[in-house]
Amino acid sequence: MTDDPPTGQDNVPDPEEVVQRHERQLDAALAEVEDPTPSTDESLDLELPGLELHRRDFVKAGAATGAVAGLAGCSGGLLGDGAENGNDGGGSANTDYHVPPGEKDTYYGFWSGGHSGEVRVVGVPSMREIRRIPVFQKEGGVGYGHDEKTKQVLEEGGDVGSVAGHEWGDSHHPVLSETDGDYDGRWLFINDKGSGRVARIDLKYFETDAITDIPNMQACHGMAVQSPDTEYVYGVGEFRVPIPNDGTDYDDPDDYWSVFAALDPETMAVEWQVRIDGNLDNADTGKDGEWAFATGYNKEHAVGPQGMTHDDRDFLKAFNIPAIEAAVEAGNYEEVNGVPVVDGRQDSDLNRGDDPVVKYVPTPKSPHGCDVEPEGRYVTASGKLSPTVTVVDIEELASTSDPAEAIVGQPKVGLGPLHTTFDDRGNAYTTLFIDSQVAKWDIEDAVEAEKGSTDPVTGKVDVHYNPGHLQAVESETTDPAGDWLISLNKLSKDRFLSTGPIHPDNDQLIDISEDASSSETGGMELVADHPVHPEPHDCVVTHRDKIDPNDVWDREDYEGEKPFVTQDASGIERTGEQSVEVQMSSSRSQFGLQEFTVQEGDEVSLTVTNVEDVRDIIHGLAIPQYGINLAIAPQDTRQVTFEASESGVYWVYCTFFCSALHLEMRSRMIVEPRDG
Ligand code: K7E
Ligand code: CUA
């Protein structure tokens with residue numbers, strides 16, 4: 001790879017001078033701290049128990065960018081305004097969530113974007129949003145859905161525009177592929193609750209490379225990959241619908257279906273489905289490849305909230321993967337819309353013998369979150385409408401004929417428990433939607449204690465407000481990191497400057513590195529607020545060492561599918577009476593063709609290669625009047641076809657500010673009137 005170019009970047013300040021300037025700023029700031037009387041700045045009038053300020057600390061805290069501002073900016077973290085946050089802290093000074101300019105985060109976080117249909121990449125602990133990855137709909141910034149390849153990804157995921165739900169998506173649960181119970185950095189999968197879809201993001205390029213529209217499913221809500229190795233990706237159907245849903249038999253809710261679907265992660269094809277009673281909600285898998293779990297509500301088969309919450313019980317469903325595979329193998333299924341559907345309803349023949357395909361574990365009504373702890377011993381179902389979390393022993397569940405017997409704990413954690421996550425020290429953390437808190441509890445204590453006991457709860461911290469998911473770092477692996485936790489709060493109310501009636505959500509960062517049984521929070525310390533665009537539901541966080549993206553494209557990855565067009569190879573060729581192929585390179589600061597001429601009515605196939613191999617030099621190619629908007633990363637080729645329907649002159653321009661001559665980087669498309 002060549003070095004970064006001088007173009008537009010040779011205006012770098014002399015490092016010596018920068019250091020001297022910082023030293024001067026530092027001296028001024030230290031003088032003020034040593035003698036606070038002349039200061040009018042409240043934030044400098046600090047009481048910092050046990051914290052001595054040294055020059056070194058200033059430098060460490062990034063004070064070099066302006067010591068006074070740096071200190072003020074850090075005071076929230078240094079002081080941790082305990083009273084207001086309802087957080088009496090664990091006594092630790094949590095400064096290391098501040099990632100100074102030029103330094104990188106320790107963790108990659110992948111956030112779902114809810115009905116924005118995207119995935120966001122967030123650095124943890126700084127909580128800086130690094131990029132957005134469009135998934136379920138077109139996006140201009142990176143030209144997603146504008147070039148042939150990504151258009152095809154969207155089209156394969158359903159006829160765009162033919163069904164209203166396919167014009168956008170509702171992404172909830174990002175999950176990372178795993179090998180040996182650890183994130184392997186290959187793929188990220190994400191569900192679409194708006195439709196029955198699952199998408200895959202290739203983490204070599206951070207681009208969506210496949211979407212599957214799952215048959216027989218109207219809302220894919222829960223999402224999980226088989227652990228310890230991602231042999232299956234599970235999409236979990238929430239809404240029950242008639243199958244086929246063509247209007248023939250629409251008013252018998254007892255005959256509506258929801259299914260649990262298994263996809264092959266490589267081909268993204270649906271391998272099999274299991275039809276169940278009630279619906280499904282959230283999902284997770286055991287750590288030995290044998291079990292998958294999903295919570296659910298509405299065992300009543302109702303169509304309104306009253307009916308859905310009529311009974312006191314619902315079920316956690318446990319899917320016996322080898323038994324399901326055996327049923328498929330033996331032909332014990334009904335093929336519906338090309339997919340083998342195994343009958344996993346309670347009264348199914350396949351659930352009668354010793355090795356049922358689905359076990360129904362009775363829980364208090366409408367459990368929501370479904371989370372397996374790192375050792376793979378227990379699966380938890382968070383109560384939602386019950387103040388408890390139900391703890392199920394997976395081994396016991398496998399051997400018992402009465403699934404209720406496998407419930408080994410039911411701690412009372414607080415009001416509205418939605419989701420649970422884990423550290424590496426045997427602690428579980430559960431969001432309390434109604435109480436606006438995160439409760440920390442000890443898993444083994446919960447198994448020891450009486451059901452309904454509050455004793456296993458070791459602390460609670462206030463969050464702002466109404467948390468949905470929460471996620472501790474590397475929590476879905478067999479070896480979580482146990483240092484940070486993020487609470488994804490639905491409401492922010494008064495936490496930020498008002499932006500009118502639509503408020504952001506609030507993702508809060510909580511330090512969980514210490515257990516402090518004497519403190520009200522159990523050692524949890526809330527350290528940062530982070531406003532987010534609607535509406536993340538969940539996130540997954542991995543150590544940065546497990547993700548290894550490319551800086552430029554590998555040409556081999558598209559060889560045979562698309563050409564690599566050099567400047568010399570740039571040209572135009574007529575391929576038919578009304579069709580032309582235009583091929584050109586792009587580089588700083590020119591397109592391979594200064595101009596090209598086509599005939600009115602021609603179908604123009606345009607192929608553009610970015611021949612640069614310098615990272616972060618991206619070129620765009622836009623012909624706004626024809627809706628063309630390509631983004632071409634170094635060494636990549638993108639294609640688009642359109643009809644040059646109206647004669648005239650059209651400027652073709654580069655959309656990424658790539659060099660000092662970026663504005664001049666243009667080509668000219670001339671559309672000649674068709675003669676005769
Ligand atoms: Cu609780 Cu879709 Cu996981 Cu939202 S779900 S919060
Ligand atoms: Cu290329 Cu701007």
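Just so we're clear, the structure is a prediction, and the values are computed from it rather than from any experiment. Counting from 1, the numbers follow the sequence of the chain as shown. Each ligand, and each atom within it, is numbered from 1 in the order the structure gives.
- For the pair K384 and Y297, the cation sits on the ring face: its NZ or CZ lies under 6.0 Å from the ring centre, inside 45° of the axis.
- Scanning for salt bridge (charged side-chain N to carboxylate O under 4.0 Å, His left out) contacts around R120 gives E118, with sequence neighbours left out.
- Looking only at atom types and distance, the side chain of T566 has no donor-acceptor partner in the side chain of D568 under 3.5 Å away.
- We find that D170 and K193 are not joined by a salt bridge, their nearest charged nitrogen and carboxylate oxygen being 4.0 Å or further apart.
- Annotation: side-chain hydrogen bond (donor to acceptor under 3.5 Å, both in side chains) contacts of T430 (sequence neighbours excluded): T420, W441.
- In summary, the atoms of ligand 1 found under 4.0 Å from a heavy atom of H368, numbered by their order in the structure, are 1 (Cu), 5 (S).
- Shown here are the protein N/O/S atoms lying under 2.8 Å from atom 1 (Cu) of ligand 2, water excluded: H619 ND1, C654 SG, C658 SG, M665 SD.
- In K490, the part holding a heavy atom less than 4.0 Å from any atom of ligand 1 is the side chain.
- Note on atom 4 (Cu) of ligand 1: protein N/O/S atoms under 2.8 Å are H537 ND1.
- Interface atoms of ligand 1 facing H221, defined by a heavy-atom separation under 4.0 Å, are 2 (Cu), 5 (S).
- Seen from the ring of F315, K317 does not count as a face-on cation partner, given the 6.0 Å and 45° thresholds.
- Ion pairing between a basic and an acidic side chain is recognised when a charged N comes within 4.0 Å of a carboxylate O; D311 and K299 show such pairing.
- Shown in contact with H419 at under 4.0 Å from a heavy atom are these atoms of ligand 1, numbered in order with element: 1 (Cu), 3 (Cu), 5 (S), 6 (S).
- Cation-pi geometry between R555 and F564 is met: the NZ or CZ atom falls under 6.0 Å from the ring centre, inside 45° of the normal.
- The side-chain heavy atoms of C220 and V198, taken from C-beta on, include a pair separated by under 4.5 Å.
- A salt bridge links R495 with D529: the closest approach of a Lys/Arg side-chain nitrogen to an acidic carboxylate oxygen falls below 4.0 angstrom.
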Practice task
Begin with the C-alpha distance, continue with both residues' side-chain angles, and end with the deciding distance and a verdict on side-chain hydrogen bond (donor to acceptor under 3.5 Å, both in side chains) for D538 and H469.
Solution key: CA-CA 5 Å; D538 191 12; H469 274 268; 3.3 Å; yes
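- For K440 and Y429, the positive end is not near the middle of the six-membered ring at less than 6.0 Å and at most 45° from its axis.
- Within ligand 1, the atoms closer than 4.0 Å to a non-hydrogen atom of N282 are 3 (Cu), numbered from 1 in the order shown.
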